[in-house]
Amino acid sequence: MQAGAVDNLESVITRRCHAMVTDRGYVEELADVEDDFDRWYVEVVRKAELADDSPVRGTRIIRPYGYALWENIQRQLDDRIKATGVENAYFPLFIPKSMLEREANHVEGFAPEVAWVTHGGDKKLEEPWAVRPTSEAIICPIYARWVQSYRDLPILINQWANVVRWEERPRAFLRTVEFLWQEGHTAHASLDEAEERTRQMLDVYEDLCVTELAIPVVPGLKSESEKFAGALRTYTIEAMMGGKHWALQSGTSHNLGDHFGRVFEIEFLDANGERQFAFNTSWGLSTRIVGAVIMVHGDERGLRMPPRVAPTQAVIVPIWRKAKERESVEAAVKTVQQSLGKDIRVKVDLRDDKTPGWKFNEWELKGVPIRIELGPRDIQNEQVMVVRRDTGEKQPVPMSDLPEMLPKLLEEIQENMMAQATAMLNDNSERVTEYERLRERASANAGFSYAFWCGSSECEDKVKAETHATIRCIPFDQPAEGGHCIVCGSAAEIEVVFARAY
RNA sequence: CGGGGUGUGGCGCAGUAGGUAGCGCGCGGCGUUUGGGACGCUGAGGUCGGAGGUUCGAGUCCUCUCACCCCGACCA
């Protein structure tokens with residue numbers, strides 16, 4: 001036996017022992033979700049085939065399984081957006097430099113992360129084009145053309161698009177140089193109406209997260225320093241990720257006031273014949289949300305897909321020994337599959353080069369909510385074995401009960417996952433009154449810390465510099481009475497959420 | 001942009017003293033297997049990130065360069 005072989009044998013033995021000790025079954029080569037969450041994330045993304053590395057720095061390939069998840073989320077969100085009266089359209093990828101620079105705060109905010117097109121073929125452009133980091137600067141001037149009268153308002157448009165932001169430290173789904181999102185852009189005749197729309201769309205995002213993704217969120221207002229470049233105010237939903245309990249800004253909605261209306265001259269005559277500038281909103285939710293699904297629900301065995309958006313809701317794994325058995329098992333599988341109809345997304349794993357055990361592990365890694373095992377013994381008893389991904393619970397179910405039982409079970413899993421995610425959020429949130437406690441919690445990755453804040457950027461900056469925690473939002477849900485600023489101790493009216501963020 | 005690290009078959013790695021590459025996984029074929037990541041036999045696959053240099057001879061030594069990863073400042 002050669003040295004290499006011995007080493008390898010030892011490493012295999014070590015892995016097996018480790019697996020037994022930590023009770024992780026046969027899940028191999030996946031970093032521990034508690035000990036090394038960042039590596040776990042990277043590995044899950046790759047092994048579950050959600051995304052792959054790309055030859056271009058900072059960009060990732062979204063593989064079919066990851067894209068299917070995104071498409072399901074997209075569909076749910078698109079329906080909700082349209083239900084509020086918004087229509088989809090498409091605006092260009094490129095924005096002339098001068099247009100991007102019209103709104104001062106906007107340019108300043110995005111300048112460091114804009115990619116520029118300077119040449120067309122071998123001809124240098126008169127004026128460079130920005131690759132859109134967001135589309136206000138190209139959409140608003142068009143709106144200006146479309147609006148003359150208050151009767152032309154509101155304009156309610158959404159687009160599904162890719163955007164580019166030159167990020168330094170990319171992470172699959174969470175922060176990539178190019179990413180996919182939807183961006184809604186509306187124009188209104190009054191600030192009140194714009195405000196109403198801004199809040200309405202934040203509610204849409206919250207509903208999407210809670211209802212479809214089983215992700216509880218803390219909705220609120222961003223502080224001045226955290227708001228969108230050029231906005232009057234920014235609302236956000238903040239979700240708590242598993243592992244390190246950091247926050248992830250999961251969707252934002254901006255009331256742009258008339259800042260963009262003025263600089264892009266979206267001017268109209270109101271009912272009194274007075275000239276006015278339009279009020280705008282913009283709101284976006286990106287593929288980043290896929291990262292949230294991974295990090296909120298994943299466990300030591302890999303992903304756990306929320307049933308409502310799971311690309312595959314149930315996978316049937318046939319089991320056989322002999323060719324004869326195979327025949328009858330595959331026939332039974334077909335019958336079961338047909339009995340389930342089109343209401344649930346079922347996949348049958350007929351691969352004969354993988355053992356059932358291998359398939360179990362793979363589908364668990366991929367987070368399929370329900371596994372159905374069907375073998376000779378089951379055919380005998382006219383049943384199947386049903387295994388829940390969320391609890392690992394395994395039970396025999398009569399084949400005839402399956403069509404009725406499965407949709408219910410999927411809902412139950414969805415609810416259970418929401419309950420678990422809510423428990424995680426609550427268990428890792430604390431109201432703090434001492435600065436030292438805030439510091440402790442930040443360094444211990446203890447989650448969200450609720451504390452009073454006087455509103456000064458000095459206090460905000462101090463916390464950020466000393467603890468790395470930032471004000472994630474000023475929650476809508478505020479305590480009845482005021483208190484004292486966690487930093488300076490002066491009287492404070494508002495409570496904020498401090499947390500480290502992705 | 002500052003600090004640290006790594007580049008060797010698809011992936012993970014080894015390569016001791018310079019002598020023109022090796023292991024595991026994976027992959028193809030055949031056979032036995034299949035209720036929690038099966039096994040045997042057999043086969044294909046790399047010029048060692050790139051450029052230059054030292055040397056009879058470089059994966060190994062030297063110089064330059066590129067890329068990627070990790071840690072810090074900015075971000076949906």
Side-chain angles (χ1 to χ4, degrees), chain A residues 1-12 15-16 19 24-30 36 38-39 42-43 46-47 52-58 109-114 133-134 163-171 173-183 205 222 225-226 228-229 234 236-238 247-254 282-292 301 317-323 325-326 329 349 351-365 371-378 384-385 387 392 394 396 464-465 468 470 501-502:
Chain A
M1 199 183 267
Q2 292 176 354
V6 173
D7 287 352
N8 189 267
L9 184 60
E10 278 174 1
S11 77
V12 167
R15 275 211 303 276
R16 290 270 154 79
R24 292 170 60 203
Y26 287 90
V27 179
E28 293 181 48
E29 295 168 24
L30 186 60
D36 198 349
D38 293 337
R39 227 183 94 206
V42 170
E43 291 183 0
R46 217 191 73 232
K47 289 177 176 157
D52 204 354
D53 294 339
S54 123
V56 182
R57 189 195 70 86
F110 282 103
E113 38 186 353
V114 173
T134 177
V163 285
V164 168
R165 295 182 188 176
W166 215 259
E167 299 290 353
E168 284 306 315
R169 298 188 54 187
R171 267 156 82 71
F173 298 114
L174 299 180
R175 194 189 308 109
T176 47
V177 168
E178 180 187 5
F179 61 93
L180 307 181
W181 74 348
Q182 59 67 217
E183 48 177 323
Y205 292 152
K222 280 290 186 189
S225 71
E226 298 274 339
F228 178 78
T234 291
T236 176
I237 50 172
E238 299 285 324
L248 186 76
Q249 181 175 308
S250 304
T252 47
S253 188
H254 318 291
S282 68
W283 23 275
L285 183 141
S286 74
T287 35
R288 176 178 247 203
I289 202 74
V290 171
R301 304 183 78 87
V317 179
I319 294 154
W320 66 77
R321 285 169 207 277
K322 306 184 180 77
E325 284 179 347
R326 178 175 179 170
V329 166
D349 189 349
R351 290 175 296 178
D352 60 2
D353 59 330
K354 301 279 188 259
T355 62
W358 197 95
K359 293 175 182 176
F360 296 168
N361 285 290
E362 185 181 58
W363 292 118
E364 280 170 7
L365 172 67
R371 179 175 76 242
I372 299 168
E373 302 174 19
L374 207 172
R377 290 208 296 267
D378 300 309
V384 295
M385 297 302 300
V387 187
K394 186 166 174 169
K464 185 173 182 180
H468 296 292
T470 50
Y502 281 96

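Sequence lines set the chain letters: A, B, ... in the order given, protein chains first and strands last, and positions in each chain run from 1.
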| field | Shortest non-hydrogen contact between K359(A) and K354(A), atoms and distance | value | CE-O, 3.6 Å
| Distance, rounded to the nearest Å, where R351(A) contributes CZ and C27(B) contributes P | 11 Å
Do any N or O atoms of the protein come closer than 3.5 Å to N or O atoms of nucleotides 28-34 of chain B, and which pairs are they?
residue, atom, partner, partner atom, Å
U34(B), OP1, R321(A), NH1, 3.1
U34(B), O2', W320(A), O, 3.1
U34(B), O4, W320(A), NE1, 3.2

| Looking for any heavy atom pair under 4.0 Å, which part of the strands does G375(A) touch: base, sugar-phosphate only, or nothing? | base
| query | Per the salt bridge (charged side-chain N to carboxylate O under 4.0 Å, His left out) rule, which among R301(A), R351(A), K47(A) passes with E362(A)? | reply | R351(A)
| task | Report the distance from atom CZ of R165(A) to atom CZ of R175(A), rounding to the nearest 0.5 Å. | result | 12.5 Å
Would you list the protein and nucleotides 2-11 of chain B atom pairs, both N or O, that sit under 3.5 Å from each other?
none

| task | Sequence neighbours left out, what passes side chain to side chain contact (heavy atoms under 4.5 Å, CB included) with I319(A)? Give chain and number order. | result | P356(A), F360(A), E373(A)
| said: Using the P atom as the point on both nucleotides, what is the distance between G40(B) and C23(B), in whole Å? | reply: 16 Å
| query | NA contact type, D53(A), heavy-atom cut-off 4.0 Å: base, sugar-phosphate, or nothing? | reply | nothing
| Considering only the C1' atoms, how many Å lie between G12(B) and G7(B), rounded to the nearest integer? | 14 Å
| field | Spacing of the C1' atoms in U55(B) and G3(B) (rounded, Å) | value | 36 Å
| Do Q182(A) and L285(A) come close enough that some side-chain heavy atom pair is under 4.5 Å? | yes
| task | Using the C1' atom on both, measure G26(B) against G37(B) and round to a whole Å. | result | 13 Å
| Between K47(A) (NZ) and G26(B) (P), how many Å, whole number? | 13 Å
| query | G284(A) and W181(A): which non-hydrogen atoms are nearest, and at how many Å? | reply | CA-CE3, 4.4 Å
| query | What integer number of Å spans the P atoms of U60(B) and U16(B)? | reply | 11 Å
| request: Pick the P atom in U63(B) and in U54(B), then give their distance to the nearest Å. | output: 15 Å
| So what does the secondary structure string of RNA chain B come out as, 5' to 3', with Watson-Crick or wobble pairs under 3.5 angstrom, [ ] for crossing and | for pairs with another strand? | (((((((..((((.....[..)))).((((((.....)))))).....(((((..]....))))))))))))....
| task | Would you indicate whether the side-chain heavy atoms of E183(A) and T134(A) approach each other to under 4.5 Å? | result | yes
| task | Side-chain contact test, heavy atoms from C-beta onward, threshold under 4.5 Å: evaluate it for R371(A) versus E364(A) and give yes or no. | result | yes
| task | Please tell me if the side chains of V329(A) and P376(A) come closer than 4.5 Å, counting only heavy atoms from C-beta onward. | result | yes
| Between E43(A) (CD) and G12(B) (C1'), how many Å, whole number? | 11 Å
| Looking at side-chain heavy atoms only, is the closest gap between R288(A) and R171(A) below 4.5 Å? | no
| query | Do you know the tightest heavy-atom contact between E238(A) and A247(A)? | reply | OE1-CB, 3.8 Å
| request: For each nucleotide in nucleotides 69-76 of chain B, reading 5' to 3', give B when a protein heavy atom comes within less than 4.0 Å of its base, S when such contact involves only the sugar-phosphate, and - otherwise. | output: S-SBBSBB
| note | Heavy atoms of V163(A) and P133(A) approach each other most closely as CB-O, 3.8 Å
| said: Suppose you measure atom P in G50(B) against the same atom in U8(B); what distance do you get, rounded to whole Å? | reply: 10 Å
| Spacing of the C1' atoms in A17(B) and G10(B) (rounded, Å) | 33 Å
| Less than 4.5 Å apart, any side-chain heavy atom of T252(A) and any of F228(A)? | no
| What about E364(A): does its side chain form a donor-acceptor pair under 3.5 Å with the base of G36(B)? | yes
| query | Can you name the side chain to side chain contact (heavy atoms under 4.5 Å, CB included) partners of D352(A), sequence neighbours left out? | reply | W320(A), R326(A)
